[in-house]
Visitor: 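Here you go, one structure.
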Amino acid sequence: MAGRAAISETRQTIERSKAAIGEGGTMSNKKPDEDGKDAPSDARKASAGSRTFEKICQQLRAKLGGEVYQSWFKRLKLEDADGPVVQLSVPTPFLRNWINNHYLDTIVALWQAEDGDVLKVEIVVRSAARGAASASARAGQAADAAKASAERAKANALAKTDRAATPAQGRTTPEIGKNGEMLGSPVDSRYTFDSFVEGPSNRVCLAAARAAVEKGPNAARFNPLFFHSNVGLGKTHLLQAIANAAKAKDPSKRVVYLTAEYFMWRFASAIRDQSALRLKETLHEIDLLIIDDMQFLQGEKIQSEFCHLINTLLDSARQVVVAGDRPPSELESLDPRVRSRLQGGVALEIQSPDFGMRLAMLERRLADARKDDTSLDISSEVLTHVARTVTSSFRELEGAFNQLVFRHSFEPDIALDRVDDILGHLVRVDDEKKIRIEDIQKAVANHYNVARSELLSNRRTRSVVRPRQIAMFLSKTMTPRSLPEIGRRFGGKDHTTVLHAVRKVEQLIKDDAKLAKEIELLRRLIRE
């Protein structure tokens with residue numbers, strides 16, 4: 001009997017021990033809250049923060065593109081998302097500074113759209129992040145966030161009583177719909193008409209942009225207003241300047257700026273979430289719609305929705321401003337209804353900057369850089385040389401200037417004969433004329449006496465097929481465009497059709513010396 005009693009007591013002890021053991025095999029330290037229920041675990045909070053972080057990363061990839069995401073956000077990690085301050089980390093100070101300067105507002109807006117309690121997002125260097133989680137630091141962050149929240153509430157109250165107040169400095173917040181959803185992208189307040197470098201190549205475009213803001217949709221000839229140019233010539237700057245000027249003129253005006261890719265993502269997400277109708281109703285309420293990179297708008301459903309949107313806005317006397325890398329008539333991938341609507345306004349081209357504009361841009365950049373580093377000294381001779389040699393775009397000019405500033409940190413006296421060596425790693429100093437697919441199509445059509453529209457059609461007659469194949473071959477060998485992009489420029493052809501044309505012409509050139517000379521002649525005509 002004594003033995004049985006001992007066994008029974010042992011079993012009871014084991015059962016009590018199991019009850020005291022948590023799921024992870026350790027003693028449970030859970031304490032009941034005031035209601036008698038278990039308090040939420042840190043693991044559960046961390047899991048919610050991780051899910052939000054993954055969602056933000058997916059949205060960044062969709063909005064900015066895979067290449068940009070891989071470059072700047074691939075090594076971004078979540079350190080802490082408990083409370084009003086979210087802390088993300090990157091491995092290097094360079095990555096932290098770049099994200100803070102270029103993408104922080106976008107991350108904050110996306111995070112607040114997912115979690116309205118978040119007031120601040122911090123980007124820190126990973127090694128520092130691990131040792132920075134002290135209680136005093138966290139208390140300071142919470143205090144800062146509470147202060148920022150109070151200031152934001154105060155600013156909102158002032159805005160309601162005084163709509164004529166001037167907009168805050170720095171990047172502006174994105175336009176928010178009545179249902180609380182973010183409609184567009186944040187607009188950089190540094191992009192203004194005053195900071196836009198004006199010259200002969202863009203003066204007409206700048207005047208039209210100012211008129212669109214001043215007169216609004218009442219100036220029928222400026223609605224829709226379409227800007228087109230090669231990359232890096234100031235389209236985005238001009239579009240965001242329009243947004244900033246419109247908001248400054250009337251702070252109550254609902255201004256939405258977004259890229260075509262972001263527009264597609266918003267509609268695709270709305271369709272997936274079964275909220276497309278709500279999104280369309282919200283978009284129809286805006287006063288000024290600004291779309292950048294129109295050439296990337298793809299998809300029959302998306303284009304149909306876009307067509308309905310601009311029809312609604314234009315018919316209700318709302319302003320629409322669009323930009324692309326070529327005029328509306330040459331955007332073959334667009335639905336004919338969209339293309340026709342865009343052609344109903346005015347299309348203006350921003351051309352390459354002349355020497356005076358390039359030099360003015362460099363001098364302005366130097367003056368801005370000296371505000372942060374008074375020791376920075378780049379001679380006027382060097383700036384003049386760069387302005388004369390880097391001629392293709394403001395973007396490449398900006399890259400050249402940044403390269404010089406970087407070299408100045410360890411080579412203070414940059415000799416003039418060193419400039420070409422320094423810039424040779426970044427840009428092509430002796431830049432050739434930029435060749436467009438449209439230029440190739442026109443040259444080939446004229447040479448073979450066929451209409452350019454026939455090159456873009458599906459006609460299979462020999463008189464059209466051979467010139468079309470030659471035009472595709474020249475587009476592949478004389479431009480940096482991809483096979484799918486070339487196919488889209490030829491009336492929506494598949495990339496395999498372009499590849500077949502390229503291989504066919506390559507073979508014909510080997511076997512036909514006369515054709516080889518003919519194509520070489522076409523090359524010279526196109527370059528001229």
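Small disclaimer: the values here were computed from a predicted structure and weren't measured.
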Visitor: Are D494 and T496 close enough that a side-chain donor and a side-chain acceptor fall under 3.5 Å?
Guide: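 Per modelled atom types, D494 and T496 side chains form a pair under 3.5 Å.
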
Visitor: Please give me the minimum heavy-atom distance between G344 and P224, naming the atom from each residue.
Guide: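 Looking at all heavy atoms of both residues, the closest pair is C-CD, 4.4 Å.
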
Visitor: Could you check whether any side-chain heavy atom of L309 comes within less than 4.5 Å of a side-chain heavy atom of L313, counting everything from C-beta outward?
Guide: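 A side-chain contact exists here, since the closest heavy-atom pair is under 4.5 Å.
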
Visitor: Do R337 and S304 come within less than 4.5 Å of each other through their side chains, counting heavy atoms only?
Guide: yes

Visitor: State the CZ-CE distance between R339 and M294, to the nearest 0.5 angstrom.
Guide: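 Taking CZ in R339 and CE in M294, the distance rounds to 11.0 Å.
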
Visitor: Between L383 and L362, what is the shortest heavy-atom contact and its length?
Guide: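 For L383 and L362, the tightest heavy-atom pair comes out as O-CD1, 3.4 Å.
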
Visitor: I'd like to know if E520 pairs up with K517 as an ion pair, taking the criterion as any Lys NZ or Arg NE/NH1/NH2 lying under 4.0 Å from an Asp or Glu carboxylate oxygen.
Guide: no

Visitor: Are the side chain of N100 and the backbone of R96 linked by a donor-acceptor contact shorter than 3.5 Å?
Guide: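 Yes.
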
Visitor: Could you tell me whether the side chain of R254 and the main chain of I286 form a donor-acceptor pair under 3.5 Å?
Guide: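 Looks like no, no N/O pair under 3.5 Å.
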
Visitor: More than 12 heavy atoms of other residues, nucleotides or ligands under 6.0 Å from CZ of F355: yes or no?
Guide: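 More than 12 within 6.0 Å, yes.
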
Visitor: Please report the shortest heavy-atom distance between F394 and L233, naming the atom on each side.
Guide: CD1-O, 3.9 Å

Visitor: Any chance you could measure R466, atom CZ, to R462, atom CZ, to the nearest 0.5 Å?
Guide: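 So the gap between those two atoms works out to 4.5 Å.
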
Visitor: Please step through side chain to side chain contact (heavy atoms under 4.5 Å, CB included) for the pair L508 and I470, ending with a clear verdict.
Guide: CA-CA 10 Å; L508 290 173; I470 291 174; over 6 Å; no

Visitor: Do any N or O atoms from the side chain of D287 and from the backbone of V255 form a donor-acceptor pair under 3.5 angstrom?
Guide: no

Visitor: Could you check whether the rings of F53 and W111 sit parallel, tilted or perpendicular, using 30° and 60° as the cut-offs?
Guide: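 If you compare the ring of F53 with that of W111, the planes turn out tilted.
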
Visitor: Minimum heavy-atom separation for T106 to K63, with atom names?
Guide: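 Where T106 meets K63 most closely, the heavy atoms are CG2-NZ, 3.6 Å.
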
Visitor: Can you find a pair of side-chain heavy atoms, one from M264 and one from L297, that are under 4.5 Å apart?
Guide: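 A side-chain contact under 4.5 Å exists here.
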
Visitor: Decide yes or no for S195 and H237: does some side-chain heavy atom of the first lie under 4.5 Å from some side-chain heavy atom of the second?
Guide: yes

Visitor: Do R468 and E454 come close enough that some side-chain heavy atom pair is under 4.5 Å?
Guide: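 Side chain of R468 against side chain of E454, heavy atoms only: no contact under 4.5 Å found.
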
Visitor: Look at the side chain of K249 and the backbone N and O of V213, then say whether any donor-acceptor pair between them is shorter than 3.5 Å.
Guide: yes

Visitor: Determine, step by step, whether Y69 and L64 satisfy the side chain to side chain contact (heavy atoms under 4.5 Å, CB included) criterion, reporting the C-alpha distance in whole Å, the side-chain angles of both residues, the deciding distance to 0.1 Å, and the verdict.
Guide: CA-CA 7 Å; Y69 182 86; L64 303 174; 5.7 Å; no

Visitor: Identify which one of R436, K235, R489 satisfies the salt bridge (Lys or Arg N to Asp or Glu O under 4.0 Å) criterion when paired with D325.
Guide: R489

Visitor: Quick one: CG on L238 to CZ on F227, what's the gap to the nearest 0.5 Å?
Guide: 4.5 Å

Visitor: Look at atom CZ of R364 and say whether more than 12 heavy atoms of other residues, nucleotides or ligands are closer to it than 6.0 Å.
Guide: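 Count over threshold, so yes.
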
Visitor: Just by distance, no angles: are the side chains of S316 and H284 close enough, under 3.5 Å, to form a donor-acceptor pair?
Guide: no

Visitor: What is the minimum heavy-atom distance between A212 and L225, and which atoms define it?
Guide: CB-CD2, 4.0 Å

Visitor: Tell me yes or no: between the side chains of T236 and D292, is some donor less than 3.5 Å from an acceptor?
Guide: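 Yes, D292 and T236 have a side-chain donor paired with an acceptor closer than 3.5 Å.
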
Visitor: Rounded at 0.5 Å granularity, tell me how far CZ in R365 sits from CD in E398.
Guide: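 The CZ atom of R365 sits 4.0 Å away from the CD atom of E398.
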
Visitor: Checking N223 side chain against V320 main chain: does a donor-acceptor pair fall under 3.5 Å?
Guide: yes

Visitor: Test L78 against V86 for side chain to side chain contact (heavy atoms under 4.5 Å, CB included), laying out the working first.
Guide: CA-CA 8 Å; L78 176 65; V86 173; 4.1 Å; yes

Visitor: Using only atom types and a distance under 3.5 Å, with no angle test, would you say the side chain of Q240 pairs donor to acceptor with the backbone of D188?
Guide: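 Yes, Q240 side chain to D188 backbone: donor-acceptor pair under 3.5 Å.
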
Visitor: Would you indicate whether the side-chain heavy atoms of V505 and M472 approach each other to under 4.5 Å?
Guide: no

Visitor: OG1 of T259 to CD1 of I290: how many Å apart, nearest 0.5 Å?
Guide: 12.5 Å

Visitor: Should we count CZ of R75 as having more than 12 external heavy atoms under 6.0 Å?
Guide: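 Not more than 12 within 6.0 Å, no.
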
Visitor: Between I107 and L88, is a side chain to side chain contact (heavy atoms under 4.5 Å, CB included) present by the stated rule, with each step listed?
Guide: CA-CA 10 Å; I107 296 174; L88 308 176; 4.2 Å; yes

Visitor: Are F193 and E198 side-chain neighbours, meaning at least one heavy-atom pair lies under 4.5 Å?
Guide: no

Visitor: Do F263 and L283 make a side-chain contact, defined as non-hydrogen atoms from C-beta onward lying under 4.5 Å apart?
Guide: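 Counting from C-beta outward, F263 and L283 do come under 4.5 Å.
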
Visitor: Which donor-acceptor pairs under 3.5 Å do the side chains of residues 443-450 make with protein atoms, sequence neighbours left out?
Guide:
unit_1 : atom_1 : unit_2 : atom_2 : d
N446   : ND2    : K442   : O      : 3.2
Y448   : OH     : E518   : OE2    : 2.4

Visitor: What distance separates R266 CZ from T282 OG1, expressed to the nearest 0.5 Å?
Guide: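 Rounded to the nearest 0.5 Å, the CZ-OG1 separation comes to 9.0 Å.
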
Visitor: State whether R341 and D315 are salt-bridged, where the test is any N-O pair (Lys NZ or Arg NE/NH1/NH2 against Asp/Glu carboxylate O) under 4.0 Å.
Guide: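 Here R341 pairs with D315 in a salt bridge, since their nearest N and O are under 4.0 Å apart.
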
Visitor: Under 3.5 Å, is there a donor-acceptor pair between the side chain of K493 and the main chain of F490?
Guide: yes

Visitor: Between E114 and T52, what is the shortest heavy-atom contact and its length?
Guide: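 E114 and T52 have their closest heavy atoms at CB-CG2, 3.9 Å.
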
